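As structure tokens, the structure follows; a few thoughts come after it.
Computed from a predicted model, the values in this text were never measured in an experiment.
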Amino acid sequence: QVQLVESGGGLVQPGGSLRLSCAASGSIFSIVSMGWYRQAPGKDRELVASKNSGGGINYADSVKGRFTISRDNAKNTVYLQMNSLKPEDTAVYYCNSYLYTDHKHWSEYWGQGTQVTVSS
């Protein structure tokens with residue numbers, strides 16, 4: 001009943017930009033947080049950026065100053081604007097959310113992942 005639908009991945013050259021979107025839909029009572037993780041081959045999945053309901057934002061050190069997370073609360077959508085992309089940013093990017101499906105039940109949800117490849 002809850003889905004996170006991602007879009008915006010693709011192939012870009014180093015120094016280029018890409019904008020990812022993730023829309024949450026279904027039986028949503030309230031959203032605690034939404035964010036982005038990524039996983040490169042042979043590496044652990046890592047937090048890229050997240051934003052909670054109170055407005056708090058976290059960024060990985062490797063993306064600070066280059067990536068910007070934003071959220072449209074009315075649309076239950078989170079965005080990741082990625083600028084000055086580097087080959088090291090190549091990974092599968094996953095949307096993540098902690099949300100309540102009713103007044104007392106919460107769960108963590110993941111999107112299907114979208115490939116971002118930075119290569120010349």
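- The nearest pair of heavy atoms linking L4 to A24 is CD2-CB, 3.4 Å.
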Problem - Worked verdict on C95 versus W36 for side chain to side chain contact (heavy atoms under 4.5 Å, CB included) - result: CA-CA 5 Å; C95 181; W36 295 92; 4.0 Å; yes

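- Between R71 and I69 there is no side-chain heavy-atom pair separated by less than 4.5 Å.
- Closest heavy-atom contact between L47 and A60: O-CB, 3.3 Å.
- The two atoms that bring K51 and I57 nearest to each other are CG-CG1, 3.8 Å, heavy atoms only.
- Here the CG-CG distance, from N83 to L18, works out to 10.0 Å after rounding to the nearest 0.5 Å.
- S97 places a side-chain N or O within 3.5 Å of a backbone atom of S33 that can act as its donor or acceptor partner.
- Screening V118, T90, T117 for a side-chain contact (heavy atoms from CB on, under 4.5 Å) involving V12 leaves a single residue, V118.
- Taking the six-membered ring where the residue is Trp, W106 and Y98 present tilted rings, their angle falling between 30° and 60°.
- Taking CH2 of W110 as the reference point, atom CZ of R45 lies at 4.5 Å (rounded to 0.5 Å).
- T68 is not listed as a side-chain neighbour of Y79, based on a closest heavy-atom distance of 4.5 Å or more.
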Exercise for the section: Could you check M82 against V63 for side chain to side chain contact (heavy atoms under 4.5 Å, CB included), going step by step and ending with a plain yes or no? Expected result: CA-CA 9 Å; M82 303 183 292; V63 308; over 6 Å; no

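- In terms of heavy-atom proximity, Q115 sits nearest to A91 at NE2-O, 3.4 Å.
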Practice task
Applying side chain to side chain contact (heavy atoms under 4.5 Å, CB included), run through E108 and N96 and close with a yes or a no.
Solution key: CA-CA 7 Å; E108 183 181 21; N96 169 269; 2.7 Å; yes

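- Rounded to the nearest 0.5 Å, atoms OG (S119) and CG (L11) are 6.5 Å apart.
- Side chains of V116 and L20 form a contact here, defined as non-hydrogen atoms less than 4.5 Å apart.
- The shortest non-hydrogen separation linking R66 to L85 is NH1-CA, 3.9 Å.
- Between H103 and F29, the two ring planes are perpendicular [angle over 60°; tilted spans 30° to 60°].
- A donor-acceptor distance shorter than 3.5 angstrom exists from the side chain of E6 to the backbone of G113, with no hydrogens or angles considered.
- N76 contributes atom CG, which lies 7.0 Å from atom CE of M34 (distance to the nearest 0.5 angstrom).
- Although no hydrogens or angles enter the test, the distance criterion places no donor-acceptor pair under 3.5 Å between the side chain of Y59 and the main chain of G65.
- The closest donor-acceptor contact from the side chain of S120 to the backbone of Q13 lies at 3.5 Å or more, if one exists at all.
- The neighbour count for D44 CG, taken as heavy atoms of other residues, nucleotides or ligands under 6.0 Å away, does not exceed 12.
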Handout entry: side chain to side chain contact (heavy atoms under 4.5 Å, CB included) evaluation trace for S62 with E88
Key = CA-CA 9 Å; S62 59; E88 306 93 90; over 6 Å; no

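- In this structure, S7 OG and R19 CZ are separated by 8.5 Å, a value rounded to the nearest 0.5 Å.
- Residues V2 and S27 approach most closely at CG2-O, 3.6 Å, considering heavy atoms.
- Atom CG in D61 sits 10.0 Å away from atom CD in E46 (nearest 0.5 Å).
- With a 6.0 Å radius and a threshold of 12 heavy atoms from other residues, nucleotides or ligands, Y109 has its OH atom above the threshold.
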